[in-house]
Number of protein chains: 2
Amino acid sequence: MLDRTHLKIIQAIQQYGTLTKSAEALHLTQSALSHAIKKLDAELGVPMWEKEGRQLRLTQAGKRLSSLANRVLPQFEHCESQITDIAKGRRGTLRIGMECHPCYQWLLKVIEPFLREWPDVDIDVKQEFQFGGLGALLGYEIDLLVTPDPLFRRGLEYVPVFDYEHVLVVNSDHHLASVEYAKPSDIGRDVLITYPVEASRLDIFSQFLLPAGCSVKQHRTLETTEIMLHMVAAGRGVGALPKWLVEEYSDHLDLIPVRLGKKGMFKQIFMGIREEDQAIDYVAEFINTAQL
Amino acid sequence: MLDRTHLKIIQAIQQYGTLTKSAEALHLTQSALSHAIKKLDAELGVPMWEKEGRQLRLTQAGKRLSSLANRVLPQFEHCESQITDIAKGRRGTLRIGMECHPCYQWLLKVIEPFLREWPDVDIDVKQEFQFGGLGALLGYEIDLLVTPDPLFRRGLEYVPVFDYEHVLVVNSDHHLASVEYAKPSDIGRDVLITYPVEASRLDIFSQFLLPAGCSVKQHRTLETTEIMLHMVAAGRGVGALPKWLVEEYSDHLDLIPVRLGKKGMFKQIFMGIREEDQAIDYVAEFINTAQL
DNA sequence: TCAAAACCATGAACAATGCTCATAAATGTT
DNA sequence: AACATTTATGAGCATTGTTCATGGTTTTGA
């Protein structure tokens, strides 16, 4: 019967390439591994690897097994650590996925009191997912998703956690610094600085520039909010961020928020969880504190 | 180490309630099971069950394990059967998920030539999913999703497979039988027959009646297309279905398709797969034949 | 080209794990 | 209280997986 050890074996061989090294990683002898894979091939009736000289290449069947390993093993590990956490009196780890870059700053503020109140719960924040945040939630890679884009599905629950206005950020020298609101064509000669995600996921493109058929002189990306704001304050470009975030920095930096379009761009951030997890006390409590 | 057998045990006990029956189902003696769960509890450091008299109830930790079992075991089984299929020279099973009821008829037409061309591939059609069709695709419950509602995510590919017009169906005695198109208020005194899914997933509600603030006299649901059409032909109500589907039955049944709104309601159906599966020949071929 | 190095395969012996059997204890039923 | 059903326990057995020792194969590099 296909078993967790088999998945570990296939994963190790994928990772290390040779039996000898894999065996070492698995705390086995090379012999044991050799026996094991021979038996596995025999049991399943088809080899998992083909040998090209010394190279081991996965067969079609092996690829299936490898795919199973990659998605199932992490779940085993997480479940195990959750349970041993419970055993030790700790409550476990809340794995939070983020689909909106600037929310990170907000999350930090929420996390702090939570960690104080729940000393026996750990928090883990992840930002990259193979199938996107929703996929990660459904695939049990994360337990909680912070997203501006709630895709309601059966079995999932979304809760709005906060509203904010998305604004353009410029410095006081910029020609838009004193206007009431910015039009899409106003930034045609500017450098736009954003987080490094696909343009389709950036509201400034999808909901402001693109619908009006406008573009910018240059599009630059930066990982960190702080540096982004420093660049804007230095007149090296304009940004698009939550207004509250801009206001937090406008004490020490020369930053002016400018409304996007006449009506402004108002966003709502949601937290999504799996229905079944609603019953877990610290999950419920996290959502509670986050809503304040 | 947590293992597949442990997951099977917890699942069996959930299902059968008592150790004795579970042991039988697992082809073990009651003694073996008793030993096994004792060891499991000891290894994890926390009991998985609490005894209320003779009743076994899952603890918090046990619930985690049970949840793991429920989502992981099916994947083991599917992977195993895929591989043994390959071993036997068969190619495996293409698991198709359907999120649109009337597409079933269309699928039947597509499946037929495919099964002829690929005698070593089986097809499995599923319609109910815990986390909806998308969740099933991401969770490896299905390999291919037929849906009117493509949610583009990283790691997924969607292909449009066909377009159709969604129409109201009435019989020739109905007062709408001869009009050019139906307005939302026109069916306020009718019985509307639909498939048994939430109203929010029925376009006739979400895109026709609701936006106009209209409703119907009564809303009935029926599983099968055929009976639904018989009811309509008998004047017992009106339906909302793809035009091509209505036309297929209008030879033997008294059915008239009526455009929904002045501009009609045009829909597009997509097939979604995981990117990684694009390389599998029979999957690619299925999509090809389906696009014709 | 040939030896050395790295890697893999195999069989026998051993160790550990899990299973069964037999039986006792606990729980629920009448 | 007696009985039926279910669970727990310990000892012995069987299976499985592991190591050890060794021989074969592929690759490397002088």
Side-chain angles (χ1 to χ4, degrees), chain A residues 1-59 61-62 65-66 69 72-73 76 80 83-84, chain B residues 1-59 61-62 65-66 69 72-73 76 80 83-84:
Chain A
M1 189 187 72
L2 207 48
D3 210 348
R4 185 173 173 187
T5 52
H6 299 126
L7 301 187
K8 282 189 157 179
I9 287 173
I10 207 155
Q11 209 179 43
I13 294 182
Q14 274 291 81
Q15 185 175 353
Y16 297 101
T18 86
L19 285 202
T20 314
K21 282 184 202 139
S22 308
E24 192 183 357
L26 295 168
H27 305 291
L28 288 175
T29 58
Q30 169 269 321
S31 172
L33 239 195
S34 181
H35 282 299
I37 68 174
K38 186 173 185 181
K39 193 175 167 211
L40 180 63
D41 285 353
E43 268 175 5
L44 295 176
V46 60
M48 298 291 112
W49 295 272
E50 262 164 0
K51 283 189 288 194
E52 290 194 341
R54 179 173 290 176
Q55 209 73 12
L56 285 177
R57 255 207 21 256
L58 285 174
T59 60
L65 201 60
S66 170
V72 157
L73 285 180
F76 267 100
E80 237 170 5
I83 289 178
T84 52
Chain B
M1 191 186 70
L2 206 49
D3 210 348
R4 185 172 173 189
T5 52
H6 299 127
L7 301 187
K8 282 189 158 180
I9 287 173
I10 207 156
Q11 210 180 42
I13 295 182
Q14 273 291 82
Q15 185 175 353
Y16 296 102
T18 87
L19 286 201
T20 314
K21 281 183 203 142
S22 308
E24 192 183 358
L26 296 167
H27 306 292
L28 289 175
T29 59
Q30 170 270 320
S31 171
L33 239 195
S34 180
H35 283 298
I37 67 173
K38 186 170 185 180
K39 194 177 168 208
L40 180 63
D41 285 353
E43 270 175 5
L44 295 175
V46 60
M48 298 293 111
W49 295 271
E50 262 164 0
K51 282 190 289 193
E52 292 195 339
R54 180 172 287 176
Q55 211 74 10
L56 285 175
R57 253 204 25 254
L58 286 174
T59 61
L65 201 59
S66 170
V72 157
L73 285 180
F76 267 99
E80 236 170 5
I83 289 178
T84 51

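Nothing here was measured: the structure is a model prediction, and the numbers come from that model. FYI, side chains are in, hydrogens and waters are out, and symmetry mates aren't considered; it's all heavy atoms of this structure.
Regarding contacts with the backbone of dT10(C), a side-chain N or O of Lys38(A) is found under 4.0 angstrom from either OP1 or OP2.
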**Request:** Please test Arg4(A) against His6(B) for side chain to side chain contact (heavy atoms under 4.5 Å, CB included), starting from the C-alpha separation and ending with a verdict.
**Result:** CA-CA 11 Å; Arg4(A) 185 173 173 187; His6(B) 299 127; over 6 Å; no

Q.
The test is side chain to side chain contact (heavy atoms under 4.5 Å, CB included); show your working for Leu58(B) and Trp49(B) and say whether it passes.
A. CA-CA 4 Å; Leu58(B) 286 174; Trp49(B) 295 271; 3.4 Å; yes

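With a 6.0 Å radius and a threshold of 12 heavy atoms from other residues, nucleotides or ligands, Glu80(A) has its CD atom above the threshold.
Expressed to the nearest 0.5 Å, how far CD1 of Ile13(B) lies from CG of Leu19(B) amounts to 5.0 Å. If you take CG on Leu7(B) and OG1 on Thr5(B), they are separated by 7.5 Å, rounding to the nearest 0.5 Å. The distance from the CD1 atom of Ile10(B) to the CG atom of Leu2(B) is 8.5 Å, given to the nearest 0.5 Å.
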Under a 4.0 Å heavy-atom criterion, the protein footprint on nucleotides 3-8 of chain C, written with B, S and -, is ---BSB

With B for base contact, S for sugar-phosphate-only contact and - for none (protein heavy atoms under 4.0 Å), nucleotides 12-18 of chain D reads ----SSS

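The distance between atom CG of Leu33(B) and atom P of dT9(D), rounded to the nearest whole Å, is 14 Å. To the nearest angstrom, P of dG18(C) lies 10 Å from CE of Met1(B). Note: CG (Leu40(A)) to P (dA9(C)) measures 13 Å, nearest angstrom.
Direction of the helix axis in the helix from dT1(C)-dA30(D) to dT30(C)-dA1(D) shifts by 30° between the two five-pair termini, rounded to 10°.
Minimum heavy-atom separation, Leu73(B) to Gln11(B): CD1-OE1, 3.1 Å.
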Can you give me every donor-acceptor pair (side chain of residues 26-45 of chain B, partner residue at least two apart or in another chain, under 3.5 Å) with its distance?
from: Thr29(B); atom 1: OG1; to: Ala32(B); atom 2: N; distance (Å): 3.1
from: Asp41(B); atom 1: OD1; to: Met48(B); atom 2: N; distance (Å): 3.0

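By the salt bridge (Lys or Arg N to Asp or Glu O under 4.0 Å) test, Lys21(B) pairs with no residue at all, sequence neighbours left out. The salt bridge (Lys or Arg N to Asp or Glu O under 4.0 Å) test applied to Glu50(A) returns Arg57(A), not counting sequence neighbours.
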